[in-house]
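Just so you know, these numbers use all the heavy atoms, side chains as well, and skip hydrogens, waters and symmetry mates. All residue numbers in this chain count up from 1 along the given sequence.
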Amino acid sequence: ARKLELLAVLAGAGRALSLDDVRRHVRRSSARLLSLYEDALRAGDAGQALDLLDRMLAEGVCDHTGRMVDGDQAADTVLRGLCASLARLLEAHERLTPALREALRRKPWERGEEESAALGEVLGPGGRRVFLERDLKAVAPDAAGAAFGLALRGLRALRDGRGASLHALTVCLARAHAP
């Protein structure tokens, strides 16, 4: 309702809103939906993940070029994004030493300067490091590896035209992540 009110102001009094007005001024939330989808998978909540997947497939998602895609292309985009996130997580797990795993369990302000610097090297720069740290704590290496394998097989099946069911894969991924 707020978006429609804003659009009415932008369009001007007495002028009907067109589909082009909506496309120009209302941004899609596909990146947010993909993030929520991954959160639901991490929590092992297949129902929530399926709801979000249906929304992404119906509304479309932005692919790596910023183009809005749906159907099989949206499924490809979702799986590629998931594979990339899981690959980052697996790489970070591999780089953690036992001492860094212990440091990761403590609050950031309880860590020593050397531990913080070493963890910074593992987590990398940028805004994603908070989420990567959260995922390192929440998702065991074995679960991350199993989920990555499932997502990669699903992506390959989709790309090879073998009729991959993203819905069935979502349920399997949620089970692989389940705590």
For Asp142, the salt bridge (Lys or Arg N to Asp or Glu O under 4.0 Å) test, sequence neighbours excluded, returns none
Applying side-chain contact (heavy atoms from CB on, under 4.5 Å), can you list everything that pairs with Ala92, at least two apart in sequence or on another chain? Val122, Leu132, Leu136
For side chain to side chain contact (heavy atoms under 4.5 Å, CB included), just list the numbers for Leu158 and Leu166, CA-CA rounded to whole Å, side-chain angles, deciding distance to a tenth of an Å, and then say yes or no. CA-CA 9 Å; Leu158 181 69; Leu166 194 51; over 6 Å; no
Taking only residues two or more places apart in sequence or in another chain, which ones pass salt bridge (Lys or Arg N to Asp or Glu O under 4.0 Å) with Arg134? Asp39
What's the verdict on side chain to side chain contact (heavy atoms under 4.5 Å, CB included) for Thr170 and Leu52, showing C-alpha distance, side-chain angles and the deciding distance? CA-CA 10 Å; Thr170 294; Leu52 291 161; over 6 Å; no
Which pairs pass salt bridge (Lys or Arg N to Asp or Glu O under 4.0 Å) with one or both residues in residues 84-102, sequence neighbours excluded? Glu102-Arg105
Might you point out which heavy atoms bring Ala40 and Ala49 nearest each other, and give the distance in Å? CB-N, 3.6 Å
If you count heavy atoms of other groups shown closer than 6.0 angstrom to CG of Asp72, is the number above 12? no
Taking side chain as C-beta onward, heavy atoms only, is His167 less than 4.5 Å from Asp54? yes
What residues form a salt bridge (Lys or Arg N to Asp or Glu O under 4.0 Å) with Arg129, not counting sequence neighbours? none
Here the pair of heavy atoms bringing Glu38 nearest to Ser85 is OE1-OG, 3.1 Å
Smallest separation among heavy atoms of His93 and Ala140, with atom names: NE2-C, 4.0 Å
Might you point out which heavy atoms bring Ala103 and Arg111 nearest each other, and give the distance in Å? O-NE, 2.9 Å
Filter on side chain to side chain donor-acceptor pair (under 3.5 Å), then keep only pairs touching residues 112-122, sequence neighbours left out; what's left? Arg106-Glu115
Asp70: which residues meet the salt bridge (Lys or Arg N to Asp or Glu O under 4.0 Å) condition with it, sequence neighbours left out? none
Linking I/L/V/M/F/W/Y whenever their side-chain heavy atoms sit closer than 4.5 Å, directly or via other members, would Val78 and Phe131 fall into one cluster? no
Run the side-chain contact (heavy atoms from CB on, under 4.5 Å) test against Cys83 and tell me which residues pass, sequence neighbours left out. Phe148, Ala151, Leu152, Leu155
Nearest heavy-atom pair of Ala144 and Leu86: which atoms, and what distance? O-CD2, 4.3 Å
For residues Ser165 and Ala168, report the shortest heavy-atom separation together with the two atoms involved. OG-N, 3.1 Å
Output all residues satisfying side-chain hydrogen bond (donor to acceptor under 3.5 Å, both in side chains) with Asp63, sequence neighbours left out; order by chain, then residue number. Thr65, Arg67
Between Val61 and Leu34, is any pair of side-chain heavy atoms under 4.5 Å apart? no
Please report the C-alpha distance between Val130 and Glu133 in whole Å, then the side-chain angles of each, then the deciding distance to 0.1 Å, and finally whether the side chain to side chain contact (heavy atoms under 4.5 Å, CB included) criterion is met. CA-CA 5 Å; Val130 171; Glu133 183 172 342; 5.9 Å; no
Those residues that, when tested against Asp76, pass side-chain hydrogen bond (donor to acceptor under 3.5 Å, both in side chains) (two or more places apart): Arg80, Arg159
